[in-house]
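Below, chains carry the letters A, B, ... as their sequence lines are ordered, and counting in each starts from 1.
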Amino acid sequence: MTTMDRTGVARALEQIASYLELQGENAFRVRAFKAAAKTVQGIPGDLAGALRDGSLAEAKGIGPAILQVITELVTTGRSVVLEQLRTEVPAGLLEMLEISGLGVAKIRQIRDALGIDNLPELEAAARDGRLAALPRFGARTAENILKGIAFLRQASEWRLSHHAHDESAALCEALLRLPHVLAAHVAGEVRRRLEVVRDMVIVLVADVPPNELLRQLEAIPGVKEIAGEDERRATLRFAGGGTVQVMVTPPQNLGTVLVQATGSQAHLAALAARATAKGFNLAGAALWEGSRFVATPTEESLYAALALPWMPPELREDGGELDRPVPELVEGRDLRGFLHCHTTYSDGTSSLTDLTEACRLEGYEYVGITDHSRAAAYAGGLSPDSIRAQWAEIDELNRRGTGPRLLKGIESDILVDGALDYPDDILAGFDFIIGSIHSRFNLSEAEMTERVCRAMASPYLTIIGHPTGRLLLSREAYRIDLDRIFSAAAAHGVAIEINADPHRLDLDWRVLARARAMGVMISIGADAHSVAGIANMSYGVGVARKGGLGRDDLLNCRSAEDFLAFARARRS
DNA sequence: GCCGTTTTCGGCCCGACTGTTTTCAGTCG
């Protein structure tokens, strides 16, 4: 039993880095903690296990001092270093560091000149002109800081899907240990696999009346209070500020309650209208036909009563799905190729061999290795020499033939003029190429669209990576005309990626059907930077399913040979 | 704080953008 998991440890290390930065510590010491946080995120499986077997101590960027901190966090849930820092640096400064455009230098200037060390005071100073009057500040800076504060406030209501997923799963586990709980189901936006989540909902099946169970919820670890309650629901507020709604149902109504807890509002409205038209009533926590109770122990039984096929949760969005045939959606096991991963050759934290072995265990037939290209210097982009070294290693591993087939790829920066990042004679040596934008985000829509279209004209490009550049809850997409990109991609035979990194999930599921209708092939790329990042794939599958995609719509559901044929077709 | 085919010290990634200035510091990816 460990006290703190991987995410918690990584968060603590990041906090230490931020506190040190605010204290004016050596930038490289700060960077060491940030890098260690990243490494810890990438450790597969149980952190305590990696501590025991010594693999954590061997990991790059983990030295004796940081290993000590991690050991402490994992075994006791606390860190002396972190707690000491908390007494020395006001927590409000840490929040200020979250604001885009505010770094330690400016924060220190603000604190020294105005005595401000928290967000509310910062906001007031930005409004009343004190901030703009500081040297090297101005009206624009104050305005941007206000925008940043507003953005943070809004974003704090939302969670990234993988965080919501992990939190729901952990809570389900705790709830299942309560007496009289027969089952616990994650519902709501997590179950619909939305890219960001505001409201978490869990349905409990119990063999006692709901109120008997609801009384016990306060005892769940981490629960601060019951924020709201009725005869069959309670809202739990956690110490961290988040809330989760828990609904309780007897087994005979599980289908109806689970559908209602899953949503969306529009889907439920369409379903209720359908029920009314058929002489049913779906208003409460059960299905009624006049005054006759209709048992709905499963979701299938509810939909069947309304003469509808069961609807996969991912598709329950605008209500229009009830009028369309239910497509056969892609499943995780349909993916034969694992695409888009970074190794220690660039900014990944797992070695090529470790990543390959982990992909073998996941059952992938082939793996497309795509480290960063040389323009991405901040991410350790590959020099021509490194490329040759990696190709030699890939050739050797393929010769041994003990793992999945390795494909030589690269995630090439699309330079500002639309060129790929190596001369053609090097590009020609790759089996396939993902082209992505990592810099110069601020072009006009026309310029950005033209830039990507020019990249697609290269016969070496196979896939456009994270095509809008958004970072969920942190950075807007860059301006780009997706319809023009789709039609050019279809014309050139270039695929477009669903980037499965839960920070991106880019393309957005809402435009997938349009892309497919225009003839664009889609690929799911994990953008894994570690063995742990292999798990990203399931989020990409969620996006594809929300977009209504099936196996035939996805490039990496094809065999390695067919995948390579797709890439080669462009070069002839 | 971490690392080492320059290994116990001295280096660690760098170019572009923004808002401020009028030549550049601070921030970001």
Side-chain angles (χ1 to χ4, degrees), chain A residues 12-14 16-40 56-71 79 81-82 85 96-112 126 131-148 151 342 344-347 349 372-383 385-386 389 411 413-417 421 436-444 447-448 451 465-466 469-471 474-478 501 503-504 527 529:
Chain A
L13 291 171
E14 267 160 24
I16 291 174
S18 296
Y19 278 123
L20 290 173
E21 204 177 356
L22 286 163
Q23 277 191 329
E25 250 299 343
N26 179 309
F28 296 108
R29 190 175 172 220
V30 172
R31 192 195 288 172
F33 278 97
K34 285 187 183 166
K38 231 175 104 181
T39 301
V40 164
L56 190 63
E58 309 230 318
K60 216 174 124 211
I62 308 286
I66 290 181
L67 188 66
Q68 164 63 30
V69 173
I70 297 174
T71 306
S79 154
V81 176
L82 181 55
L85 286 167
M96 287 164 68
L97 203 53
E98 297 289 308
I99 296 171
S100 172
L102 266 194
V104 273
K106 282 188 173 154
I107 288 175
R108 194 162 311 133
Q109 192 186 350
I110 292 168
R111 190 191 48 186
D112 292 348
L131 214 51
L134 293 180
R136 297 201 68 88
F137 279 62
R140 200 69 155 268
T141 306
E143 195 183 307
N144 284 340
I145 285 173
L146 284 177
K147 273 188 202 155
F151 181 85
H342 300 269
T344 45
Y345 277 88
S346 66
D347 63 346
T349 56
H372 282 288
S373 65
R374 61 185 172 180
Y378 59 88
L382 267 52
S383 66
D385 280 347
S386 306
E411 183 184 17
D413 267 40
I414 296 174
L415 306 180
V416 69
D417 64 355
D421 200 10
S436 304
I437 289 191
H438 290 120
S439 61
R440 310 293 299 272
F441 298 112
N442 229 353
L443 303 188
S444 71
E447 287 167 333
M448 191 63 96
R451 176 184 184 183
H466 45 75
R470 76 175 180 188
L471 291 177
S474 98
R475 186 178 74 203
E476 291 290 312
Y478 40 72
D501 181 336
H503 297 89
R504 296 186 181 272
D527 207 351
H529 285 71

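- Between the CG atom of A/L134 and the P atom of B/dT20 there is a distance of 11 Å, rounded to whole Å.
- A/P135 comes within 4.0 angstrom of nothing in the nucleic acid, heavy atoms only.
- One finds a salt bridge joining A/K34 and A/E21 here, because a Lys/Arg side-chain nitrogen approaches an Asp/Glu carboxylate oxygen to under 4.0 Å.
- One interatomic measurement links the two molecules: CZ of A/F137 to P of B/dG26, which rounds to 10 Å at whole-angstrom precision.
- Contacts of A/A65 with the nucleic acid, taken as non-hydrogen atoms under 4.0 Å apart, involve only primed sugar atoms and P, OP1 or OP2.
- Taking atom C1' in both B/dC3 and B/dT8, the straight-line distance is 11 Å, to the nearest Å.
- Within 4.0 Å of A/I99, counting heavy atoms only, lie sugar-phosphate atoms of the nucleic acid but no base atom.
- Of the candidates B/dT27, B/dG19, B/dC2, B/dG19 carries the atom nearest the A/N144 side chain, counting heavy atoms from C-beta on.
- In this structure, the nucleotide among B/dG29, B/dT18, B/dG1 sitting nearest to the side chain of A/N442 is B/dT18.
- As a whole-Å value, the separation of A/I70 CD1 from B/dC2 C1' is 13 Å.
- For B/dT20 and B/dG26, the C1' atoms lie 10 Å apart once the distance is rounded to whole Å.
- At whole-Å resolution of the value, CG in A/L102 and P in B/dC17 are 21 Å apart.
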Exercise. Determine, step by step, whether A/Q68 and A/T71 satisfy the side chain to side chain donor-acceptor pair (under 3.5 Å) criterion, reporting the C-alpha distance in whole Å, the side-chain angles of both residues, the deciding distance to 0.1 Å, and the verdict.
Key: CA-CA 5 Å; A/Q68 164 63 30; A/T71 306; 5.5 Å; no

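- The OH atom of A/Y378 sits 14 Å away from the P atom of B/dC17 (whole-angstrom rounding).
- Contact annotation for A/A139: backbone-only contact, meaning every heavy-atom pair under 4.0 Å involves sugar-phosphate atoms and none involves a base.
- A distance of about 15 Å separates the C1' atoms of B/dC13 and B/dT27, rounded to the whole Å.
- Closest to the A/T141 side chain, of the nucleotides B/dG26, B/dC2, B/dT20, is B/dT20.
- In this structure, the side chains of A/Q109 and A/P135 come closer than 4.5 Å at one or more pairs of heavy atoms.
- Rounded to a whole angstrom, the distance from the P atom of B/dG11 to that of B/dA25 is 23 Å.
- Taking the centre of each ring, A/H503 and A/H466 stay at or above the 6.0 Å mark.
- Of all nucleotides listed (B/dT20, B/dC28, B/dA16), B/dA16 comes nearest to the side chain of A/R440.
- Between A/R475 atom CZ and B/dG29 atom C1' the separation is 7 Å, expressed in whole Å.
- Using C1' as the reference atom, B/dC12 and B/dT7 are 15 Å apart when rounded to the nearest Å.
- Rounded to a whole Å, the CG atom of A/L20 is 12 Å from the P atom of B/dC2.
- Closest to the A/K106 side chain, of the nucleotides B/dG29, B/dC2, B/dT27, is B/dT27.
- Listed nucleotides B/dC24, B/dC2, B/dC13 differ in distance to A/R136; the shortest reach to its side chain belongs to B/dC24.
- With hydrogens and angles ignored, the 3.5 Å screen pairs a side-chain donor or acceptor of A/S373 with a backbone N or O of A/D413.
- Ranked by how close their nearest DNA chain B nucleotide is to the 5' end, A/F441 and A/A59 are led by A/A59.
- You'll find the side chain of A/R440 reaches within 4.5 Å of the side chain of A/R451, heavy atoms only.
- Within the shown strands, B/dC17 is the pairing partner of B/dG26 under the Watson-Crick or G-U definition, both distances less than 3.5 Å.
- Closest to the side chain of A/R31, from the set B/dC12, B/dC13, B/dC28, is B/dC13.
- Comparing the same atom, C1', in B/dT22 and in B/dT18 gives a spacing of 15 Å after rounding to whole Å.
- At whole-Å resolution of the value, CG in A/L471 and C1' in B/dG29 are 9 Å apart.
- Atom C1' of B/dG4 sits at a distance of 28 Å from the matching atom of B/dG15, rounded to the whole Å.
- Annotation: side chain of A/V416 is in contact with side chain of A/L443 (closest heavy-atom distance under 4.5 Å).
- Within 4.0 Å (heavy atoms only), A/V104 reaches sugar-phosphate atoms of the nucleic acid but no base atom.
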